[in-house]
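Input: a single structure, listed below in structure tokens.
Note that these values count all heavy atoms, side chains included, but never hydrogens, waters or copies made by symmetry. Reminder, nothing fancy here: chain letters follow the sequence lines and each chain counts from 1.
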Amino acid sequence: DAGVTQSPTHLIKTRGQQVTLRCSPKSGHDTVSWYQQALGQGPQFIFQYYEEEERQRGNFPDRFSGHQFPNYSSELNVNALLLGDSALYLCASSSTSDEVEAFFGQGTRLTVV
Amino acid sequence: GEDVEQSLFLSVREGDSSVINCTYTDSSSTYLYWYKQEPGAGLQLLTYIFSNMDMKQDQRLTVLLNKKDKHLSLRIADTQTGDSAIYFCAEGSNDYKLSFGAGTTVTVRA
């Protein structure tokens, strides 16, 4: 079991550009959540996907969007990047049959210059 | 509210016990979690406790929950150098998302 995998591990983008981050959930998991962790802070919830739909959303602007595919993998898209979007983006997967435990990937470190 | 607060730093001697404290404000929290993050890595789930419990023990880890005071603690017995990391307290309820504290940096000194 590969656990939760995210790609790429590191990314550098320029202000105004768009970025897509990818996540494959742990085997057997059907729910994917995305979090943003700025330097020195705890993760902040962006949104969660289940059955290919956004089920819950945190306090993030519409520039942040996502998608879930039939195989439960997910993408996070950020448009019109700002310097303040520089952070570690974490994906967490869980199962609706056991929603207590959420397992995190290693994250994608996004730097906006 | 969903605020979760933790002390920022803890220094402990190798072999001693570590106690990390956390307070939360959301009275509807169903589960409370402790995650560990090592440098450059993602979050590792250490343990969790249901809000209707007051204690959970798992090997070297002991979680205590005071629901009345909304206070959660994590005790690590016989702290080792490999325990040096950032520890996050998080609360979750039936709306599926986790709310995290800012993390406690634990440094284990020889």
Side-chain angles (χ1 to χ4, degrees), chain A residues 2-7 9-10 21 23-26 29-51 53-60 66 68 87-109 111, chain B residues 1-9 20-26 28-53 56 58 63 65 72 74 85-106:
Chain A
V4 181
T5 58
Q6 292 186 242
S7 63
T9 54
H10 295 84
L21 310 181
C23 172
S24 292
K26 184 176 163 62
H29 284 185
D30 55 11
T31 301
V32 173
S33 303
W34 287 92
Y35 291 79
Q36 180 196 65
Q37 186 180 17
L39 198 62
Q41 297 183 22
Q44 297 292 314
F45 176 78
I46 303 174
F47 44 51
Q48 183 180 88
Y49 277 83
Y50 171 67
E51 290 189 337
E53 291 192 358
E54 184 182 291
R55 179 162 68 171
Q56 179 76 223
R57 188 178 183 94
N59 189 23
F60 279 80
Q68 185 179 34
L88 180 68
Y89 288 85
L90 295 163
C91 169
S93 76
S94 56
S95 169
T96 47
S97 62
D98 177 15
E99 289 184 346
V100 179
E101 297 191 15
F103 293 88
F104 283 78
Q106 294 295 92
T108 293
R109 172 72 63 189
T111 302
Chain B
E2 300 170 343
D3 290 337
V4 178
E5 294 190 356
Q6 306 176 233
S7 51
L8 294 181
F9 301 99
I20 308 167
N21 295 299
C22 168
T23 58
Y24 61 98
T25 58
D26 189 350
S28 67
S29 297
T30 307
Y31 317 108
L32 294 134
Y33 302 82
W34 286 103
Y35 281 87
K36 176 183 180 183
Q37 187 175 39
E38 297 184 75
L43 300 179
Q44 175 193 353
L45 176 63
L46 289 177
T47 187
Y48 60 88
I49 188 169
F50 292 101
S51 60
N52 62 357
M53 298 169 62
K56 180 179 180 180
D58 184 0
V63 179
L65 174 61
L72 182 74
L74 173 69
I86 303 175
Y87 290 80
F88 291 95
C89 167
E91 62 90 17
S93 53
N94 293 331
D95 63 357
Y96 312 116
K97 65 184 181 183
L98 297 178
S99 296
F100 287 85
T104 299
T105 299
V106 174

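Rounding to the nearest 0.5 angstrom, the gap separating the OH atom in B:Tyr33 from the CD atom in A:Glu101 is 8.0 Å. The line from CZ of A:Phe104 to OH of B:Tyr35 is 5.0 Å long, rounded to the nearest 0.5 Å.
With a threshold of 4.5 angstrom between heavy atoms, A:Gln37 approaches chain B through side-chain atoms but not through N, CA, C or O. When heavy atoms are compared at a cutoff of 4.5 Å, B:Leu45 approaches chain A solely by way of its side chain, counted from C-beta outward. Only the side chain of B:Gln37 comes within contact range of chain A, judged by heavy atoms closer than 4.5 Å. Both the backbone and the side chain of A:Gln106 come within less than 4.5 Å of a heavy atom in chain B.
Crowding of B:Glu5 atom CD: a count of heavy atoms from other residues, nucleotides or ligands under 6.0 Å not exceeding 12. Counting non-hydrogen atoms of neighbouring residues, nucleotides and ligands closer than 6.0 angstrom, the CG atom of B:Asn52 exceeds 12 such neighbours.
When A:Gly107, A:Pro43, A:Gly58, A:Gly105 are compared by the number of non-hydrogen pairs under 4.5 Å with chain B, A:Pro43 comes out ahead.
When A:Gln44, A:Gln56, A:Arg57, A:Arg55 are each tested for a side chain to side chain contact (heavy atoms under 4.5 Å, CB included) with B:Lys97, only one passes: A:Gln56.
The closest side-chain heavy-atom distance from A:Tyr35 to B:Leu43 is not below 4.5 Å.
The minimum heavy-atom distance between A:Leu88 and B:Ala41, with the atom names listed, is CD2-O, 4.2 Å.
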